[in-house]
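Please read all numbers here as calculations on a predicted model, not as lab measurements.
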Amino acid sequence: MFGATKDFIGKPAPPNYVAGLGRGATGFTTRSDIGPARESGDFGGDAKQGAAGKEGGDDDDERFQDPDNEVGLFSGAPYEEDDEEADRVWAMIDTKMDERRKARREAREREELARYRQERPKISQQFADLKRQLSSIDEDEWAAIPEVGDLVGKNRKRNKMPERYTPMTDTILAAARDKTGYDTTLSEQEQKLGGVTTPADGMMTNFREIGQARDKVLGLKLDQVSDSVSGQTTIDPKGYLTDLNSVVVKSDAEIGDIKKARLLLNSVITTNPKHAPGWIAAARLEEVAGRPVQARNIIAKGCEQCPKSEDAWLESARLNTVENAKIILANAVRQLPQSVKIWLKAVDLETDPKAQKRVLRRALEFIPNSVKLWRAAVNMEENPDDAKVLLSRAVELVPLSVELWLALARLESYENAQKVLNKARAAIPTSHEIWIAAARLEEQHGKPHMVDRIIQLAARALSQTGTVLDRDQWLKEAEKCEKNGSVLTCQAIVRATIGLGVEEEDQKATWMEDAESCVAHGSIETARAIYAHALKVFPGRKSIWMAAAYLEKGHGTPQSLEELLQRAVRYCPQAEVLWLMGAKEKWLADDVQGARAILEEAFRANPNSEKIWLAAVKVESESNEYERARKLLELARKESGTDRVWMKSAMLERQLKNYDGCLELLEEGLQRYPTFDKLWAIKGQVEDEALNNSSKARETYNKAVKNCPKSTLLWILLAKLEEKMGMVTKARSTLEKARYTNPKTPELWVEGIRIEVRAKNQSVAKSMSAKALQECPTSGAIWREVIFLEARPQRKARSVDALKKCEHDPIVVTTVALLFWTDRKIDKARNWFQKAVQIDPDQGDSFAWWYKFELQHGTEEQQEAVVKRCVASEPRHGERWTAVAKDMANIGKRTADILKLCAAQLEPIK
């Protein structure tokens, strides 16, 4: 073992090797070993670097140190421009490199933070699910929760062990009783003196004199506190305690902040006494600190140091009383006679109108070209003649003020106002307000032909002077004229400037956007003028006529709407919507003959139009002219022969209870249109409801779903019929087949959930609702069923989840309103009902629930408002709404009647 020879024995040593150097030995060297100019303690660069690395890698190597300067060898050299340029370049490079790595570094930091939060979540995140469950705890469960102190430490043991009581002795109880009791017996001496104990010196205590002495001392103290002047005190005896409540007690932190701020501001005003903001800040600090006297003294010194600062003078006037403020402002105007603010402040301090006028006239002597002073002086004059004189002088001194010219023109007569405006236009050729004022003047005096001429001249003259207003600015001026009551001027501005800067291919779209924007602003006349101009340029565009018609319907009169529709059908005779809108307005006005006349003209222009045929049938059937309606439908089946015509024919016979004729029409219609689901639905309903033949109706529905497998309506009708016949399992199978044929259809899932609810299978209904949400997560109808499947305490949490998935769904919003209703939060429920009908005005169920809510909690005005809004919206959809509207007993009823019937059939939420 010890005889083995090591492999390094006999080999040469490595370069710069010193034996025992690692153990602290230094050895010895000779000049021949280290060479010239080498210290004896230097054992080589590698060893030196290794030792330095062990000691921490100090960058300040002793080899580069100057004996006279311990910092660096070149630290005493001058810092020249080249050095500064080099440092700036290196700093720019460092900044650039840092910016290049910034995005990656920030992304890495965010990733590390997210990983850290995931590994070490906050306590609030760990208990988030438990906090959500706390919403379902009632008051009894809250009361049953034990205190934390009862579950830890000694209290836990004490609660487990019964309490121990140590009885006390009778002597202790008797002594405690006698100590707090009253002695009702008299001693022998007291009995001799008649029950009154006298002191040893024979003097008796007089409590009346003690009370008088106390009152006297209190009065003396109050007299000393009060600052009495000639027998009158400034203390309000009634409001003294009330004033004490207004005193703000500052905390130690606030007092410390005030002291620091006072020290800083004192330094500011001492080092730079000509700095007015410093004096103002120091005065306001003292005011906040509750030292008004010091604040006035400081700002007075500030006015002395900064006599040309109007802010300092105004602040001094504000901090002082009215009389002192007048004196201060008098001194201020001597220093700053051209300051408008100081003069106006002096006017505000005066209470007498004559004094105010005197101050204003004095101010105008110093500042004759101030518009604010002239305006204030004119407003002070109650006599129009005096104001006219002032304005005449004002426009001479301030000829470039449009406001003064227009004010003078308003006070003058018609002829003089024209002269004033002509002078103003000559003085200010770039002002469009003067041109508009001239047009309004002509409109007010009944000269509409001059209005257009003036506005056209204005647009031409302003463009020549280089003052070109864009179209948006002109439209704003038109809206302003409309609000001021100058409708003709508004229309003239629109006609003259609506086409500025608009390309020909963009005119229609731009003008439609402008009109919609004006309607949103409430500027109806401006929008009407835009539509009128657009219709002159594009008389054959149906969309413009419809937009104008809707504007007249919402904001105009029946006469204006009728006139517009007559012109519309003259230019667009093929537009069926315009014909039908005119006929409907006549029918709503109970003018059946007028509606018939319009539809006859529509027939001539559109002989094979299905909509016009059906509109004529509706007019006749709702006017109880059933024979005329039958003849029209017979002609329509021959001329047009569409599927809707056959459906309306069958519905008319069903309404008249002619079920045999209805079935014949349905059979013939189904031979022509076997894939029209509504014909199958009507046939099945007639067989089930009218003829009470459920088996026949089921056969019809089975044939229907084979011909129309994509019709959700037929699948639901078949399932409901099977459930009605007691075949619940078959109904489930039918809906399952329907969902397989029509995936992602919310109506089928809703019907399946309801079947389980009616069958008292709550667990199955909940599991089905979970599957429905997985397939249709944004369906408001499914979320409504999910919410009402939960218990009342959990419904609020589920409604929050529903709003996250489908925030703008009217069904979900209406459901939230119902939840607020059940919680008796009336105002919130009303707001959510309004939000629901605003999201989708075509959803009739929202209106019905809202009306039912107002019947219970609202006034008659609120109920009438709901009815009017529903009539204006004319809803056509909604599960409950369509069921009521399409009921044979409700055919021909108006929207308001259907609303009331639907609200009456709604059941309260449980």
Take K274 and S309, measure what side-chain hydrogen bond (donor to acceptor under 3.5 Å, both in side chains) needs, and give me the verdict at the end.
-> CA-CA 9 Å; K274 300 298 182 182; S309 173; over 6 Å; no
Kindly determine whether R528 and E525 satisfy salt bridge (Lys or Arg N to Asp or Glu O under 4.0 Å), including the steps that lead there.
-> CA-CA 5 Å; R528 188 177 285 124; E525 293 296 336; 2.8 Å; yes
Between L390 and E381, is a side-chain contact (heavy atoms from CB on, under 4.5 Å) present by the stated rule, with each step listed?
-> CA-CA 9 Å; L390 278 176; E381 297 295 338; 3.4 Å; yes
Going through the checks in order, is the side-chain contact (heavy atoms from CB on, under 4.5 Å) test met by Q338 and E310?
-> CA-CA 10 Å; Q338 302 295 323; E310 63 178 7; over 6 Å; no
side-chain contact (heavy atoms from CB on, under 4.5 Å) between V371 and R375, worked out = CA-CA 6 Å; V371 179; R375 187 194 306 129; 4.1 Å; yes
Evaluate side-chain contact (heavy atoms from CB on, under 4.5 Å) for V420 paired with V395, printing each intermediate quantity in order.
-> CA-CA 10 Å; V420 169; V395 295; over 6 Å; no
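Checked by atom type, the side-chain pair S523/K483 shows no donor-acceptor distance below 3.5 Å. Under 3.5 Å, the side chains of S413 and N416 contain a donor-acceptor pair of N or O atoms. Inspection of the S401 and E403 side chains reveals no N or O donor paired with an N or O acceptor under 3.5 Å. Between T526 and E479, the side chains place no donor N or O within less than 3.5 Å of an acceptor N or O (distance only, hydrogens not considered). A donor and an acceptor atom, one from each side chain of Q418 and E442, are located under 3.5 Å apart.
How far CG of L319 is from CG of L314: 11.0 Å, rounded to the nearest 0.5 Å. Note: I258 CD1 to L263 CG = 13.5 Å, rounded to the nearest 0.5 Å. Considering CD of E443 and CD1 of I436, their distance stands at 12.0 Å, rounded to 0.5 Å. Annotation: the span from I493 atom CD1 to L475 atom CG amounts to 9.0 Å, rounded to 0.5 Å. Here the straight-line distance linking atom OG1 of T489 with atom CG of D452 works out to 9.0 Å at 0.5 Å rounding.
Annotation for K308: atom NZ counts as buried by contact number, over 12 foreign heavy atoms lying within 6.0 Å. Residue E505 qualifies as enclosed at atom CD: its count of foreign heavy atoms under 6.0 Å is above 12. At most 12 heavy atoms of other shown residues, nucleotides or ligands fall within 6.0 angstrom of atom NZ in K868. The number of heavy atoms from other shown groups lying within 6.0 Å of NZ (K542) does not exceed 12. With a 6.0 Å radius and a threshold of 12 heavy atoms from other residues, nucleotides or ligands, K423 has its NZ atom at or below the threshold. No more than 12 heavy-atom neighbours from other residues, nucleotides or ligands sit within 6.0 angstrom of NZ on K476. Within 6.0 Å of atom CD in Q444, more than 12 heavy atoms from other residues, nucleotides or ligands are found, so the atom counts as buried in its surroundings. E396 CD: more than 12 foreign heavy atoms inside a 6.0 Å radius.
R425 places no side-chain N or O within 3.5 Å of a backbone atom of I434 that could act as its donor or acceptor partner. A side-chain donor-acceptor contact under 3.5 Å links Q862 to the backbone of T859. Of the possible polar contacts, none joining the N484 side chain to the S486 backbone as a donor-acceptor pair under 3.5 Å is found. Between the side chain of Q491 and the main chain of A529, no donor-acceptor pair closer than 3.5 Å is present. In terms of modelled atom types and a separation under 3.5 Å, the side chain of D506 and the main chain of V502 share no donor-acceptor contact. Here the side chain of D840 pairs no donor or acceptor atom with the backbone of A836 at under 3.5 angstrom. S560 places a side-chain N or O within 3.5 Å of a backbone atom of T557 that can act as its donor or acceptor partner. Side-chain N or O atoms of Q473 include one that pairs as donor or acceptor with a backbone N or O of D470 at under 3.5 Å.
Listed by first and then second residue, the ring pair (Phe, Tyr, Trp, His ring centres under 6.0 Å) pairs that reach into residues 273-311 come to none, sequence neighbours excluded. Here ring pair (Phe, Tyr, Trp, His ring centres under 6.0 Å) pairs that include residues 495-544, with residues two or more places apart or in two chains, are W511-H533. Sequence neighbours left out, the pairs with a member in residues 386-419 that pass ring pair (Phe, Tyr, Trp, His ring centres under 6.0 Å) are Y414-H445. Here side chain to side chain donor-acceptor pair (under 3.5 Å) pairs that include residues 259-273, with residues two or more places apart or in two chains, are R262-E286, N266-T270.
In this structure the side chain of E315 reaches within 4.5 angstrom of the side chain of R284, judged on heavy atoms. By the 4.5 Å heavy-atom criterion applied to side chains, N331 and I327 are counted as neighbours. When side chains are defined from C-beta on, L457 counts as touching R453, because their heavy atoms get closer than 4.5 Å. Between D385 and K388, some side-chain heavy-atom pair lies under the 4.5 Å cut-off. Using a 4.5 Å heavy-atom threshold, the side chains of L397 and W374 count as touching. E585 has its side chain within reach of K553: a pair of non-hydrogen atoms, C-beta onward, lies under 4.5 Å apart. When side chains are defined from C-beta on, V837 does not count as touching S873, because their heavy atoms never get closer than 4.5 Å. The shortest side-chain heavy-atom distance between L408 and S392 falls under the 4.5 Å cut-off.
One finds no salt bridge joining K102 and E99 here, because no Lys/Arg side-chain nitrogen approaches an Asp/Glu carboxylate oxygen to under 4.0 Å. Using a 4.0 Å cut-off between charged side-chain N and carboxylate O, E854 and R830 make a salt bridge.
Minimum interatomic distance between L404 and A394 (heavy atoms only, all atoms of both residues): CD1-CB, 3.9 Å. Scanning all heavy atoms of the two residues, the minimum distance from C303 to A312 falls at SG-O, 3.6 Å. Taking both residues in full, the closest heavy atoms of P384 and L411 are given as O-CD1, 4.3 Å, listed atom of the first, atom of the second, then distance. Closest non-hydrogen pair, A377 versus L364, comes out as CB-CD1, 4.2 Å. Here the closest non-hydrogen pair linking L373 and A363 is CD1-CB, 3.9 Å. A pairwise comparison of heavy atoms in A317 and I328 identifies N-CG2, 4.3 Å as the closest pair.
Between W474 and H432, the ring-plane angle classifies as perpendicular under the 30° and 60° cut-offs.
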Donor-acceptor pairs under 3.5 Å, side chain of residues 341-359 to any protein atom, not counting sequence neighbours: which ones?
unit_1	atom_1	unit_2	atom_2	d
W343	NE1	P337	O	3.0
Q356	NE2	V347	O	3.4
Q356	NE2	E350	O	2.7

Give every donor-acceptor pair under 3.5 Å between a side-chain atom in residues 564-572 and any protein atom, sequence neighbours left out.
unit_1	atom_1	unit_2	atom_2	d
Q566	NE2	E562	OE2	3.4

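Annotation: cation-pi geometry satisfied between K835 and W832 (NZ/CZ under 6.0 angstrom from ring centroid, within 45° of ring axis).
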